[in-house]
**Student:** 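Dropping a structure here in structure tokens format, bear with me for questions.
Chain letters run A, B, ... following the sequence lines, proteins first and then strands; every chain starts at 1. Every heavy atom of this structure was used, including side-chain atoms; hydrogens, water molecules and symmetry mates were not.
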There are 2 protein chains.
Amino acid sequence: MRGTGREGQMSERTVEAPRPTLKTIAFMTGLGVTTVSRALKDAPDIGEETKRRVQLVARQIGYRPNRAGVRLRTGKTNVISLVLDTDQQIMSFVSDIIYGISEVIADTPYHLIVTPYSRSRDPLEPVRYVVETGSADGVIISRTQPNDPRARYLLEHGMPFATHGRTDMGLVHPFHDFDNYAFAQIAVRQLAAMGRRRLALLAPPTGLTYYAHTVDGFADALNEVGATEVSFNAVSIDHTLEHIRGRTTQIMRRSDRPDGFVSSAAAATLAIVAGIEDAGLKLGRDVDVVSKQSSDLLHLFRPELLVVNEDFRLAGEELARSVLGWIGGKDPSSLQTLSVPGAVDTR
Amino acid sequence: MRGTGREGQMSERTVEAPRPTLKTIAFMTGLGVTTVSRALKDAPDIGEETKRRVQLVARQIGYRPNRAGVRLRTGKTNVISLVLDTDQQIMSFVSDIIYGISEVIADTPYHLIVTPYSRSRDPLEPVRYVVETGSADGVIISRTQPNDPRARYLLEHGMPFATHGRTDMGLVHPFHDFDNYAFAQIAVRQLAAMGRRRLALLAPPTGLTYYAHTVDGFADALNEVGATEVSFNAVSIDHTLEHIRGRTTQIMRRSDRPDGFVSSAAAATLAIVAGIEDAGLKLGRDVDVVSKQSSDLLHLFRPELLVVNEDFRLAGEELARSVLGWIGGKDPSSLQTLSVPGAVDTR
DNA sequence: CGGATAATCTGAAACGTTGCAGATTTCAAT
DNA sequence: ATTGAAATCTGCAACGTTTCAGATTATCCG
């Protein structure tokens, strides 16, 4: 349109008005910068008319406070950091959580930044980074452990956070959790109601808090319905699908094989079913499987599967609300939510 | 441990040394702040020994430049913004892309911030926000369209970016794309080699660039192998799984039903197979399906499925490298990568 | 009318960083 | 010795914001 041809990557920029600042508004209104600043935040010592005038102008010219300025002056970053485990295999939940968080912070000044870490390295590292550099006002962590060094560290350093999953350290902090005790319980009850008596559990990895919840719910319900457990302990949903599949086949070839499975993850369930069929057995006839899932795919896979839904988007929303609440000064103990599973969906 | 009990949420904080700044180092070394600043960035007008001294001290006390300070002064944010469509259903790719990006920026000063938007709203909104507020040094966008207003806008405003998928506007910018033309082509060839002659394509949504690529590859290969197309145009992978399933059943009940499918997404493939079976037909006998997948699940679902893998983590890595490259001054035309699919995995 | 009080506004300083325009010192060439 | 250049270092100012400690004006009371 304009220019001679190769202007170089950055130069075609049209002449733009520089971004308006407080100074701009101050000049336009004839007021001092301080007054403008205070007027915009509705301070009591500014005249009503002045406030309206300033706010009108600000809106008209599309004023947006400069984040770096605010951050430098006040230390407030308006950032939430989501700490993610990069070498996780079960990834489906990540996007849902992110979407959930996004939705909640959409009409706040907050930004979401993703802070990855590798489980093989120091799990404290990302959290320490955030605290030391003050790069966020709040943190969300997942894969929570009963005695979670990250939660302890954040608490000690006064950094607001929320955990996905509970801890068990006698410390109070916001969390959101899915009631995995209830999940295992209703799963077992469902299987028992279908006449299944020898049940195996594919549990979460042992280190995480919800491992214990799941195992407890499973055990208590077994007891309640008078069924017995077929040990499947050596495996968890963190193992590769190949591994789960192989171990399932093994266990299904034994004479004392289970006639029911409870699976804590959808992907793992695919492997379990494959393993069952590798052993020449049939789902729904020889064995039933209750599985958690976070998106509605398992019924397409095998209609016979029994599923319980876990909503990770909701988790993201709750987690975001919790951190924001804590940052906003609410009592952490009031920011704890537990999502109870619905009934088993047998389709 | 210490204290009387209820100290309130923020107060347990141990007395911490304030974060070191340039001033701290200046004081410790007896130098001026400017000198320290310049020494840390290895400027030519600072003595060698001084540099070593300053850098040593900086490392010892764990100096980390204050991002707000840098940003305020220089405008450099050290942030990459990933613009995401929040009401996307096929989500599996999100986490992979994020992990890929994270991996690349891990040993750079960059942070990744996720900027969500709802497709129902103005797609230009998030991109405009980033440009207007200068909240990132570079942007990554997905769901790229042939004539993409976001890419055009970013280009016009001199904001470095990379697109996941190509555009077709005669403008040059970095991108990473999967070769969907090749995918459709080898899929068709594979089906033809298995004796399938009446093929249907479950394509990407029409608005996106890779729709055309896929359709072209499909058509060209059909022509090459002398097979015919059974139109499946009214559906795309963006439809609900229920919808795809129903339409598949319909088409499979027709007398001129297809004996082969090419599917552009794994989740959709589940629905296609369900639809096929709803119609009383059998995968591998009556019909074969070639599907793209991004994680290795489809073979667990039905071993008969033919799959081609698309690596979204790689995409994330390439996209991150591209934006960083552009920010770093590289020629955009040198930052375009195309990922060619491997052979069809028949297992 | 003096003096207090309230209401409203304001400049200066500071947060941490970097670019600019010197300042100081050293040393070689004249 | 004088000049000049090179090498090395440094104050100051500015980025945009908020807090602090007033300043100014208007209003009210006795």
**Student:** Tell me if D/dG11 is syn or anti. Syn = glycosidic torsion within 90° of 0, anti otherwise.
**Tutor:** syn
**Student:** Name the closest nucleotide to the A/Leu22 side chain, picking from C/dC9, C/dT17, D/dT17.
**Tutor:** D/dT17
**Student:** Between B/Glu125 and B/Arg128, is the closest basic N to carboxylate O distance under 4.0 Å?
**Tutor:** no
**Student:** Tell me the partner of C/dC9, counting only Watson-Crick (N1-N3 plus N6-O4 or O6-N4) or G-U wobble (N1-O2 and O6-N3) with both under 3.5 Å; none if nothing fits.
**Tutor:** D/dG22
**Student:** Does a side-chain N or O of A/Ser37 approach OP1 or OP2 of D/dT17 to a distance below 4.0 Å, or not?
**Tutor:** no
**Student:** With the threshold set at 4.0 Å, does a side-chain nitrogen-carboxylate oxygen contact exist between A/Glu317 and A/Arg321?
**Tutor:** yes
**Student:** In whole angstroms, how far is the P atom of D/dG16 from the NZ atom of B/Lys76?
**Tutor:** 18 Å
**Student:** Which residue pairs satisfy the ring pair (Phe, Tyr, Trp, His ring centres under 6.0 Å) criterion with at least one member in residues 103-128 of chain A, sequence neighbours excluded?
**Tutor:** A/His111-B/Tyr129
**Student:** Rounded to the nearest Å, what distance is computed from the CZ atom of residue A/Arg67 to the C1' atom of nucleotide D/dG16?
**Tutor:** 14 Å
**Student:** Do A/Arg64 and B/Glu132 sit within salt-bridge range, that is, some charged N less than 4.0 Å from a carboxylate O?
**Tutor:** yes
**Student:** Given atom CZ of A/Arg64 and atom P of D/dT17, what is their separation to the nearest angstrom?
**Tutor:** 13 Å
**Student:** Is the gap between the ring centers of B/His173 and B/Phe161 under 6.0 Å?
**Tutor:** yes
**Student:** What is the distance, rounded to the nearest whole Å, between atom CZ of B/Arg38 and atom C1' of D/dA7?
**Tutor:** 13 Å
**Student:** Is there any protein nitrogen or oxygen under 3.5 Å from a nitrogen or oxygen in nucleotides 26-28 of chain D, and what are the pairs?
**Tutor:**
none

**Student:** When you measure from the side chain of B/Thr209 to the backbone of B/Thr144, do you find a donor-acceptor pair of N or O atoms at a distance under 3.5 Å?
**Tutor:** yes
**Student:** Are the charged groups of A/Arg150 and A/Asp148 less than 4.0 angstrom apart, N to O?
**Tutor:** yes
**Student:** Please tabulate, one pair per line, each protein N/O and nucleotide N/O from nucleotides 11-15 of chain C that are separated by under 3.5 Å, including the distance.
**Tutor:**
{"residue": "C/dG11", "atom": "N7", "partner": "A/Thr34", "partner atom": "OG1", "Å": "3.1"}
{"residue": "C/dG11", "atom": "O6", "partner": "A/Thr34", "partner atom": "OG1", "Å": "2.8"}
{"residue": "C/dA12", "atom": "N6", "partner": "A/Thr34", "partner atom": "OG1", "Å": "3.4"}
{"residue": "C/dC15", "atom": "O2", "partner": "A/Arg73", "partner atom": "N", "Å": "3.4"}

**Student:** Picking from D/dC9, D/dT17, C/dT8, which would you name as closest to the side chain of A/Tyr63?
**Tutor:** D/dT17
**Student:** Is A/Arg52 salt-bridged to A/Glu49, cutoff N-O under 4.0 Å?
**Tutor:** no
**Student:** Using purine N1 to pyrimidine N3 plus N6-O4 or O6-N4 for Watson-Crick, or N1-O2 and O6-N3 for G-U wobble, both under 3.5 Å, which nucleotide pairs with D/dG11?
**Tutor:** none
